[in-house]
Amino acid sequence: YFRKYTLRDKLEAQKWDFVTIQQASHLSWKPESYMPYAKNLQEYVKKYAPQAELVIQQTWAYRFDDNRLKSWKMSQREMFDKLVDAYDQAAAGLGIRLIPTGEAVQLARETQPVKYVEYDREALKSLKYPDPLPSEAGSFAVGMSWGSRKNKATGENERYIYNDPAHLNDRGRYLQACVWYGFFFDKPTSEIKFVPEGITEEDAAFLRATAQKVLDARKK
């Protein structure tokens, strides 16, 4: 796992059925960032894993409290709309299928019974450990937790609020897995029996159904 290897090493390591690519999420909303790089990758995969089908995974929009949204002067919804368009252009340009993970995350955010409530970011600055942090109910991002680090000046451990508003939490990863299952096996997500610890049966059923809705919409 820790040794160095090249992309060619991995492509030739097995007779892969599929190879997936995706854009770095912070560039996902920029259509000009995909080409010619994705085309170069496609040609490289075709050369060293000719039996594999190349597909592209659509990533998802960041949560409202990712500071990059502010610097880009866009909302979470605007990032989503832009990345959908960019991924569609890339998939069409390459002539390959698209895994609609980002659409599944967005649909779940907008239709779930308990929606994520945006917190007051200014009020967050006044919190001191071990004050309770804003609720993560309804979130699909890793979100917030109290972290600990050593102060370089004093050598003392200090508490700080760690926040990851970009990567998927357990709910998000389960939803993503359901999308992949339905996409690659072409079977209904209702067949999935596994439910991760910490996710209720009701929530898991909702996430499976959401994945199916997005997959069905993409087939039309």
>> Tell me whether R109 forms a cation-pi arrangement with F140, defined as NZ or CZ under 6.0 Å from the six-membered ring centre and within 45 degrees of its axis.
In response: no

Crowding at [atom1], [X] (>12 non-hydrogen neighbours, <6.0 Å):
| X | atom1 | result |
| --- | --- | --- |
| K115 | NZ | yes |
| K70 | NZ | no |
| K4 | NZ | no |
| Y37 | OH | no |
| E201 | CD | no |

>> Just checking Y129 against Y160, ring centres under 6.0 Å apart?
In response: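 Centroid separation for Y129 and Y160: 6.0 Å or greater.
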
> Under 6.0 Å between the ring centres of F64 and Y119?
Replying inline: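 So the answer is yes for these two rings.
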
>> Before you tell me yes or no, could you show the steps for V105 and E110 under side-chain contact (heavy atoms from CB on, under 4.5 Å), namely the whole-Å CA-CA distance, both residues' side-chain angles and the distance that decides it to 0.1 Å?
In response: CA-CA 9 Å; V105 173; E110 295 175 353; over 6 Å; no

> Counting N and O atoms only, with roles assigned by atom type, does the side chain of R121 sit under 3.5 Å from a partner on the main chain of D65, one being a donor and the other an acceptor?
Replying inline: yes

>> Please determine whether salt bridge (charged side-chain N to carboxylate O under 4.0 Å, His left out) holds for the pair E158 and R149, giving the CA-CA distance in whole Å, both sets of side-chain angles, and the decisive distance to 0.1 Å.
In response: CA-CA 5 Å; E158 61 182 12; R149 62 190 171 196; 3.3 Å; yes

> What class does the angle between the rings of W72 and W29 fall in, given that below 30° is parallel, 30 to 60° is tilted and above 60° is perpendicular?
Replying inline: tilted

>> Walk me through whether Y87 and Y34 qualify under ring-ring contact (aromatic ring centres under 6.0 Å, His included).
In response: CA-CA 8 Å; Y87 270 107; Y34 288 72; 5.3 Å; yes

